Structure formats: structure tokens, C-alpha cells
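Working notes, structure below.
Bear in mind the structure is a predicted one, so any value in this text is a computation, not a measurement.
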Amino acid sequence: MLPSSPPLLAFCALSFERNDRLLFERVEGAVHGGDILQVVGANGAGKTTLLRILATLLTPTQGELRWCGGLLPRARASYLAELAFLGHVPGLKPGLSPRENLRWLAGLFAQRDAIEEALAAVGLAKWFDTPCAQLSAGMQRRVALARLALTRARLWILDEPLTAIDRAGVAVVEQLFRSHLQSGGAIIFSSHQAVDLPGVKYLALTES
Amino acid sequence: MLPSSPPLLAFCALSFERNDRLLFERVEGAVHGGDILQVVGANGAGKTTLLRILATLLTPTQGELRWCGGLLPRARASYLAELAFLGHVPGLKPGLSPRENLRWLAGLFAQRDAIEEALAAVGLAKWFDTPCAQLSAGMQRRVALARLALTRARLWILDEPLTAIDRAGVAVVEQLFRSHLQSGGAIIFSSHQAVDLPGVKYLALTES
Amino acid sequence: MNLQFHSLAELFAMGGHGVYVWAVYGVAALVMGALVVRPLRRHARALAAVRSARQRGR
Amino acid sequence: MRSPNPEPEALPSLATGFAALLRRDLLLAWRRRGEAANPLWFFAMITALVPLAVGPEPALLARLAPGMVWILALLGTMLAADSLFREDYVDGALEQLVLSPQPLWVLVLARVTAHWLVTGVPITLASPLLAGWLALPAGGVPMLVAGLALGTLTFCLFAAVGGALTVALGAGNVLRPLLVLPLYVPVLIFGTAAVARALEGGDGSAPLALLGAITAVTLAIAPVAAAAALRVGIDG
Amino acid sequence: MRSPNPEPEALPSLATGFAALLRRDLLLAWRRRGEAANPLWFFAMITALVPLAVGPEPALLARLAPGMVWILALLGTMLAADSLFREDYVDGALEQLVLSPQPLWVLVLARVTAHWLVTGVPITLASPLLAGWLALPAGGVPMLVAGLALGTLTFCLFAAVGGALTVALGAGNVLRPLLVLPLYVPVLIFGTAAVARALEGGDGSAPLALLGAITAVTLAIAPVAAAAALRVGIDG
Amino acid sequence: MAERRWQWFHRLASPPGFYRVSGRWLPWLAGTSLALLAVGVVWGLLYAPPDARQGNSYRIIFLHVPASFLALAGYYVMAAAGAIHLIWRVKLADVVMSAAAPLGAALTFLALFSGSLWGKPTWGTYWVWDARITSMLVLLFLYLGVVTLRQAYASRETAGRACAVLALVGTVNIPIIYKSVDWWYSLHQPATIRLTAAPSMHPDMFQPLVVMILAFYLFYAWVLVLNVRAEILVRERRAGWVRDLAGEGESE
Ligand code: HEM
Ligand SMILES: Nc1ncnc2c1ncn2[C@@H]1O[C@H](COP(=O)(O)OP(=O)(O)OP(=O)(O)O)[C@@H](O)[C@H]1O
Ligand SMILES: Nc1ncnc2c1ncn2[C@@H]1O[C@H](COP(=O)(O)OP(=O)(O)OP(=O)(O)O)[C@@H](O)[C@H]1O
Ligand SMILES: [Mg+2]
Ligand SMILES: [Mg+2]
């Protein structure tokens, strides 16, 4: 990769104020293809808020975001085409099975057509057709993570992807991360746990 | 404590079947005052289900529970008077502040009247009066944990109490656990993380 | 006690009220037939399922 | 060491539990008072739609008035009852209620009381105004108000049973109204009959007494039934 | 390495997004078909309460019939619209909709279509039966059905706007009706006018045409407005 | 003696016991109910004399009245089963309840449908808001509520207990609802049309009606037993005795 190519996502001088409280100030960072950035900080430091700003779900009070060099509110369409976001609640319909859930998501996002393999990869081979409401907390998170194996998005933004995941599951997620990074993708995620991957960069949020 | 005194909670030959699927079989264990039991197992192994059975929220397909030697459905009243249960979702009203939440819970359960100290102990000194909906995920979990510092219950049953809690928070929880055990209480909890306490016993659920 | 109708046409017409009477008896036959058939089929399917489970079990 | 049996003084009393929950619910209602007043607004606005839909003749409206007001009071309390246990279920508070050492029916009663104070009472108080809007002669108003006071309480109690039965079923559940509407039939009949009798110059107190009897029976049964349903329903 | 711009072939088309969401919603409705039939059932039950409340005289009921059926269709679609975006908000699916590369209004339209198919269409189809129940003369039925077909679609569109506005307001299920009720007024007026004209032996097509115009305008505006509201509402 | 009676009860109340015993009833129930139905229908449609005022339309009575009777009786069967299940935790009672709800709903529908079609030639309208008719409608809603509630739950045990609570609340309320609808009828001014009561029915009409009523009772019992047996098999499909039963069928 040429050093001159712009980063996939760059953000600079971000600050966010809510209810007259300054949450963070002049936060900046950038991810190129192959980069993985972990947002760390104490409870309430603003990790979720930052990730939602990066996903354009919230508007920063100050600062700017650039996607492949283009200023974000304008480049939004092409940004969303290459973004996969996973929030605190993963967006699965409890009444639908994992297979059905991934299928409707596939209709909205560019996805590979390999739903069953993706579910099998996160250890849900026996659960293709059970309504998600009947899965355990960790199994539901795994369904959400299976989406990542399907998406063609280059940037993943993940809020606490390891919540409720057991040890074996963490290894699966790390494997997912690894292959995404190798294929030139980038990851920004928050977690209180460290992941076992080379080259993780950290962005620490401290109370201002 | 005399070795002959019955355990606080004893369960034997528990099995649970849901939708014709046998989740676990002949699970047994017991906690005396001062004991801490960690339920471990992969995602979907049945930890949550077991804890809900122990809390009498679910009825086991087979097996029996004894509280201080008394068979449980019958001894339920005195059991509930000494039980503190914390589930996956912690039971806080998002529209109420931490203080107000702990106050209504105090009306239902035997609690010490020291809400502010308890909240300060989990690091929420600045947040007594902010509606819980405006707190971060980890801060909300902390409010729920603050209840434990107030309750007079002798048995705590906690489902993944460490979810969303940062490092510093984990130390706070461990301190809470320690003092509860020292005062003769017992703890049964599930977690994918290990806690740093002496004498933790494990109950491993494996798929049957 | 004797037969009240002398031709099929008369029987169907029922003095002008045939539509109502036959509709009621027809729908009743359908509903009551379904009431009997449904549990019978359910019974048969349940047995078949147990049987195939047994065979797979072997 | 503590004794194996709970020290009685440590346990909050029955009244404390009731009061704590009632207070919580009123506080929550106050926090979103824009919303909490809503059964009332709803009631008022649909009343306003009635003349638009059936025509403005006062004579016709007057005939309709008691029935319409009753039906709308029914709908108003019922719609708001949606969140009676559902919210508590979603945020886990219901588990805590079920695991409380307090008898569950007392807690159910507290929730119902709060709900009635927030929906039924305002509707009852506003009803003379709305009935006037629909050209109801003044002679019917006392019976209307008395009936609604009892009737909305009964509606809330039945709604609690319905809500408890459907608590674990998906959000936005439309099943609940269907379970409870048939139970509302007697209340509606006696409630409107009391007003009709008064309007005819007769004595509406007989149907009102029957309404009172229904309310009393429901008050005895519904909290227990709802509590039983909650224990069942908490497990999806 | 992949190019910085998305490969066009990788992105699902507009129709795919619409179809995927429509399919999801119909599937969900089918999963709880007991519930899905419920706006209809609700509609029928409240219809049955009307004679109990206002008395059984056929002449009176016939006068009321068009207005009552319209008001109940309004309530039926509105009640079920409660879950239109609320559920998606709570379980995080709404975030995914907002972040989808598809235009949001297309997705809103898919949701509204599904909702109309599941509520409005059955209500429209059942309305002749229910109108007959309330002793509506047969002459009014065609206008009633035609009006309801358009009207329920408009109601669903309004409900989407209201639902989007309140999605982030907490269980605000009673606030939304208030926001959208004023919008319902013209629909209600023209809809009942069409039936009334037809019953008088006149021609109901003029109010019906106006109703159609309202539906067309709403169809153009509401999805865009709801999409805008959703983007705002998603941030608590 | 008393002990033996209880043994008998326990055998009957256990699903496999009931399954075996009821197998012996089936041919009798099927035979008698079908035979009586055939006799009643032919008698009523072909041989009974026409009514003086209503002509031939009154022949609907031979379905309408038995269906109405069973629709009402069925609710008590269902509610009682629900109560027994909730109070004494008899599993079979839950099975009976789950079978009785759709059956009752179907019969209520038949009563409404037949009455409604009968109304057209007699009253000139398919529907009037008469007390009895209204209470029948409310009954249909009550049935459908129970049916839907059961379907809505994923777990069978939960569904059973929830429905039992509903049925129990219903049990208390049913008399109130019926009485109130009757009062409603008399409180408002009397409706223009009344159900023609049948005090002085001609024996030639009355006899086939009695046959049909009997036939319907037997039919109800038969279908109820069929449903209960099917439900037992589905619920106990993993139990040894069901597997043995399936094996017997196989070897034949
Ligand atoms: C939808 C309309 C109707 C419904 C729901 C209905 C309902 C009922 C019910 C529930 C019964 C049983 C009452 C009891 O056991 O005490 C009954 C009986 C009867 N119905 Fe109807 N009915 C309807 C229409 C009609 C019509 C149109 C007629 C004839 C003009 C009629 C004639 C009778 C007669 C003769 C009996 C037997 C009365 C007795 O022996 O007590 N019904 N109906
Ligand atoms: N409501 C339900 N209906 C049916 N099956 C359920 C239900 N809840 C859980 N299960 C099933 O029970 C099993 C155990 O679930 P449980 O939630 O107890 O697992 P767990 O050990 O807590 O997992 P996790 O680590 O993911 O929290 C799972 O296989 C799940 O599919
Ligand atoms: N909807 C909201 N309204 C007002 N303030 C909010 C809202 N959501 C979050 N906050 C505040 O913003 C701050 C940061 O919250 P955020 O959820 O971003 O923290 P976090 O770093 O993700 O914490 P955690 O580790 O607990 O998930 C907190 O102090 C919280 O009180
Ligand atoms: Mg967070
Ligand atoms: Mg769990």
C-alpha cells in the first residue's frame, strides 16, 4: 500500500458535548486497510458515543470525519456501502431464526451468499432455524458476529463485540478479525478485554 | 460453622428440558455460608437457565432444591427473603435515577439504608440523579451491582455480573464479593471471566 | 310420518328457503368433517414421526 | 452469625412494598407527564372525531354520548395498559417483583392503582366536559362520573390480567385487548344503563350497584390471577 | 486490493432492499399470525361493543355504521402501528436500517406496505361484514370499501410518521396517536362523506376522489418525512 | 374399595392410561354419533313436517340448537379442565383443555352461522343485536382468546398454565357476562324481533331435534377424545410406551 493513499477513515479534532457536558475533546485517529484500532477507556468514558459518531449515527459537536479522503456527510453514500456496524444491541429480530435474520440483512447490505457457512463458523451449525429469542445471550451475539463473515464492507465498527462470548468464541472472533485485516479491511472496536492480535493500536478515552 | 449445619442452598439431580431438548441432567451442588461458586460453560450450555432455576424463576424438570434444609417450593418465602438475584438485564427503570431505582428496590427487599455510599462505592458518586437511560452500559451495570452492597440477603445469584464492567470496576466487584463472603454470605455466579478471589469453586456445564 | 318432498328439485328448493338450509347443512358438514379429520391426521403424523425417529435411532 | 431464618424486622412490611412500587410508578408517570396525560388526550381527541364521523346533529350525538364516552374510556385505559407489565419485563424489573419476598398480588395491586390514578381518574374527571361536547343532557352526568370511576378501575384490573398473560409475548402485542375485551362487556352494559336510566328520569342506582359489585369481585380476583399469570409468563 | 469505491455489482439494488424488508415483515407477521390477524379481530370486537353501549336498535346503528367503521379502522391500524419502528429501535434493527446504503425512505415504504397488507387490507376486506353487522344498508358498502382501501393506507403512512417521531421517546405508545390524529381528520371526513352520499342515493365519487388525492400526496411525502424523523430519532 | 377407585382414576388421568382406555371407546362413540347424525339429518330434512309459519327454513333448527347447546356446554368443559389443571396439576386436564378450545370455537361458529342464515328468511336480516345472539358472539371471542393465547406461547407448559388462568378468570366471569347481556336486553327498550321460543313444538319436529342433540353430544365426545389422543401422542412422542406403540404398528 502506498503511504500516500488516504486512510480509509480518518477523524480529527472530534469533540462531543451532551447536555452541556463535554464528553471528549480533540480526539483523532485514522485507520488504513489492515489496521485495527481498539478504543479503550473506563465505563462512561465515551467509547460507545465515539463509535456511534464514527458510524454517522451521531453528529460530533466539532471535528470532521473523512472516508477515503472525502469529507463525510457528503461521502456518506459510498461510506455506508462499505461499513459494517455492530452496536450494543445487535439488530436481530427475536422472532426470526439466525438464517432468516442474516437473509434480510443481506437484502440491505452487500453480503456474500454463504449464510450457512458463516453460522457454522461461529458454532451455530445446529441452530439455523431456531428463533433467536430462544438462543442464549452469547449465541445471539454470535449470530450478530456471523454477519461479519458475510459482509463485503471494508470498515468494521464494533461496540463490545466480545460481550457474552465464551473463550472459544473469542478465538473465533479473533480469527474473523485476522482474515478481515489480511484482506485489506480495517476494524475499529471497543472492548474491556484485550484481543490476541498483532498490531492492535489503541485509542484511549479519558475523562476530560 | 458446624459441619453438620445444612448448606444454605443445596441442589441435587437437577435436570431441565425445554422444547423436548434436554439441556442438562443430574446437576448438583451446594453452597454454605462463605462459599463462592462459579458456573462456567460454553455459550448455550445452560448457565442462565440453571441460575434462573436456582432463583425459582424456572421450575426444573427433575431434581430438588433445598434452602437451609427445607425443600424449596415450600420454603420459598423465607428463601426469597434472603436472596438477591441479578439477571442479564438488571431491572433498572431507565427513566429513574440510580438513587430512585435503589429506593424502590429497597421497598421490596430488605436493604440497608445507605444508597449514596453504595453508589459512591461503585464509582457513581457524580451520577446520583441522572436518569439511568443517560448512563453508559457499564455505568448501568454498576448501578445494579450497587444493590448488592445494600442488600441483607445471604445468598447472591448473579448472571454475568462482570458484563460491560471495566478493569477498575472488576476490582470493585471483587471487593464486594469478598466482604459478602467474609460476613457469612454465599455467592453463585456465572461468568466467562475468572475472578481473583480465593476458594472459588466451579460448576462446569457441558452439553449433554 | 312421511316424506315431505316429492322430487329432487323440490328438495333442493325447500319452498324457496333451500339456499339457507343447504348452506347451513353444507357448512356444518364441512366443519364437522374437518373436526374429525384434523385429529386423525395429526395422530397419524405423530405416529409416523415416532416411527421414523425409531428407524433413524437404529 | 445470622440465624437461618430471616429476622422479621429486616423485611419491609406489606405496606412498604405497596408504597414503594406505587411511588415508583407515579414518579415514572410524572417524569413523562407529556405522555402520562395521554390517555386523556387520546380520549378527548377521539371524542372530537366522533361528530366528524357520524354527523353533528345534537339529538343523535346525545343518544350516542354515554355509549361513546364509555367506549372511549375503555379504549383509553386499555391502550395505556400496554406498558403495565411489558416494560418491567423488558428491563428485568419484573424478575425483581416476582422474587420479592412481598406477596406478588400486593405489588400487582400497586401497579394497577398507579395505572388507574394516571389514566382512569383523569378520564373520569374529564368526562363531564366531553359528554357536554357530545350534547349529553346534564341529568346523565352524575351517573356517568360515578360509573366511570368504578368502571375504569375494573378496566385497569382486567387489563392487568391480560397484560400479565401476554407479558412475555413479543412487543406491540395486540393479543391482550382481545383477551380482556369480552370481560369488559358487563361493565360497559351496566355503566351505560345507569346513565340511560338517569336520562329517562329513572333511577340509575341499580345498575350502578351491580357495577360496584363487579368492581368488588374483580378487585378480589384480578390481582391474584394476574400474579399467577406473571409467575407463569415470566418464563417465555 | 479492492478499489476505494464500492463495486456497484456488490450492492443490492433498491428493489432488493425493499423486497428483503417486506419479506422480513411479512414473515414476522406470519410467525405470529395469531397476533397478525388481530387488528381485524380487535376491529370486530369493538364493533360488537358498540351496540352494547348505544343500544341495539337497527335504525340507530345504521346511522352510526359508516362513522363507527371508519373510526374503528383508524384505531385498528393505529394500534398496530405502535410496533412499526418501536420494535426495530429496541432490538437495534433500526440502526441497521439507517446505516443501510439503501435510501431510507424506500425501507420505510417497505415497512408501511407490510403493515398495510397485514392490517389495512384485512380490515378493508372485512368491513362489509362489519358494516352489515351494524345494519348498514347495502348501498353504502362499495363506497365504504373503496374509501377504506385508500384510507387505511393513508392511516398507515401517517402512523409511520408518528411512529418515527416518537421512536426514541421511550414507551411513548400513547403519544404517537396524538401526533397523528389531527392528520386523520380530513381522511375521516371525506371517507364518511362518500358513504353518506351513496346512502342518500347521490354520487360518492367526489369525496372519494379527494380521498385519493390525499392518499397520493401522503404517499409522496410521508416516507421521506418518516425517514428524516428516524435519522433524528435514532439518537436518544 | 376406595383405593381401587383411586387406582382407576389415576390410570385414567395419566396420559398413557387414558390413551389405552379411550381406544376402546372410540368405535362406540364414532358409530353411535354417526348413526344418530344420519338418522337425525334424514328425519329432519326429509320427514319432519314443515313449520306452519316458517315453512322449510326451520329445518335449520336441527343443526342450530344442538350446535348452540354444545357450544355452551363446551366452555364449561374447557374451563373446568383448565381449573383442574391449574389447581391439581393434572396433565391430562391441560390436554383436554387444549382440545376443547378449538372444538368449542368451531361449534360456536356453527351456531352463529346457522342462526345468522336462519335469520334472513325469518327476520329479513342476517343479524340483530339480541341478547342471546350477542352472548354467543362474546362466547366465540372467549374461545378464540384461549386458542390464540395457546398458540402465542412457544413453551407448552407455559401456554397451558397461562390458558388455565384465563379460563379460570373466565369461569368467574361467564355467568356475569351472560346475565349482563340478558339484562342489557331488558334494560334497553325491547327489540323488535324476538327469538321464537319453542314451548309448543310439535312432536314430529321435536323428536328429530332430540335425536340431533344426542348425536351432537356424542359427536362432541368423539372429537374431543380424538383430539386428546392425538395431542397425547404428540406430547409423549419420546416416551417409551409411544415408541412401543409405533413399533406395534410397524410390525403389522
Ligand atoms: C346468529 C343468530 C343466532 C344465534 C347466535 C343464536 C343462538 C342461539 C342459542 C345460543 C341457542 C341456545 C339457547 C339455550 O340453550 O338456551 C339458540 C336456540 C334457539 N334458536 Fe337461535 N340463534 C340465532 C338465530 C336464530 C334464529 C334466526 C332463529 C329462528 C327464528 C332461532 C331459533 C332458535 C330456537 C327455536 C332455539 C331453541 C330455543 C330453546 O329451545 O331454548 N335462532 N339460539
Ligand atoms: N426461552 C427459551 N426457549 C427455548 N430455549 C431456550 C430459551 N432460552 C434459552 N434456551 C436454550 O437453552 C440453552 C441454554 O441457554 P442459556 O441462556 O441458559 O445459556 P447460557 O449458558 O447462559 O449461555 P450464554 O453463555 O450465552 O449466556 C440454549 O441452547 C438456548 O437455545
Ligand atoms: N442518551 C444519552 N443522553 C445523555 N447522556 C448520555 C447518553 N448516552 C450516554 N450518555 C453519557 O455519555 C457518557 C459516555 O457514554 P458511553 O456510552 O459513550 O460510554 P462508554 O465509554 O461506552 O462506557 P461503557 O464502557 O460503560 O460502555 C456517559 O457519561 C453517559 O452518561
Ligand atoms: Mg459502551
Ligand atoms: Mg447466559
Between F:I232, F:V223, F:L37, F:L63, which shows the greatest number of heavy-atom pairs under 4.5 Å with chain C? F:L63

So what's closer than 4.5 Å to chain F heavy atoms on C:R41: side chain, backbone, both or neither? neither

Contact part of F:L110 toward chain C, heavy-atom cut-off under 4.5 Å: side chain, backbone, both or neither? side chain

With a 6.0 Å cut-off on ring centres, are C:H43 and F:Y19 close enough? yes

Counting only non-hydrogen atoms closer than 4.5 Å, does C:V21 touch chain F with its backbone (N, CA, C, O), its side chain (CB onward), both, or neither? both

Looking at F:R235, I'd like to know if its CZ atom is crowded, meaning that more than 12 non-hydrogen atoms belonging to other residues, nucleotides or ligands lie closer than 6.0 Å. yes

Which atoms of C:L35 approach chain F - backbone, side chain, both or neither, heavy atom under 4.5 Å: both

What orientation do F:F219 and F:F216 show, parallel under 30°, tilted 30 to 60°, or perpendicular over 60°? tilted

Going by distance alone, is a donor N or O of one side chain under 3.5 Å from an acceptor N or O of the other, for F:S22 and F:R229? yes

Among the listed options F:V228, F:L45, F:L107, F:V234, the residue most often paired with chain C at heavy-atom distances under 4.5 Å: F:L45

Do F:W118 and F:Y126 have their ring centres less than 6.0 Å from each other? no

Surrounding CH2 of F:W241 (heavy atoms of other residues, nucleotides or ligands, distance under 6.0 Å), is the total greater than 12? yes

Contact part of F:F62 toward chain C, heavy-atom cut-off under 4.5 Å: side chain, backbone, both or neither? both

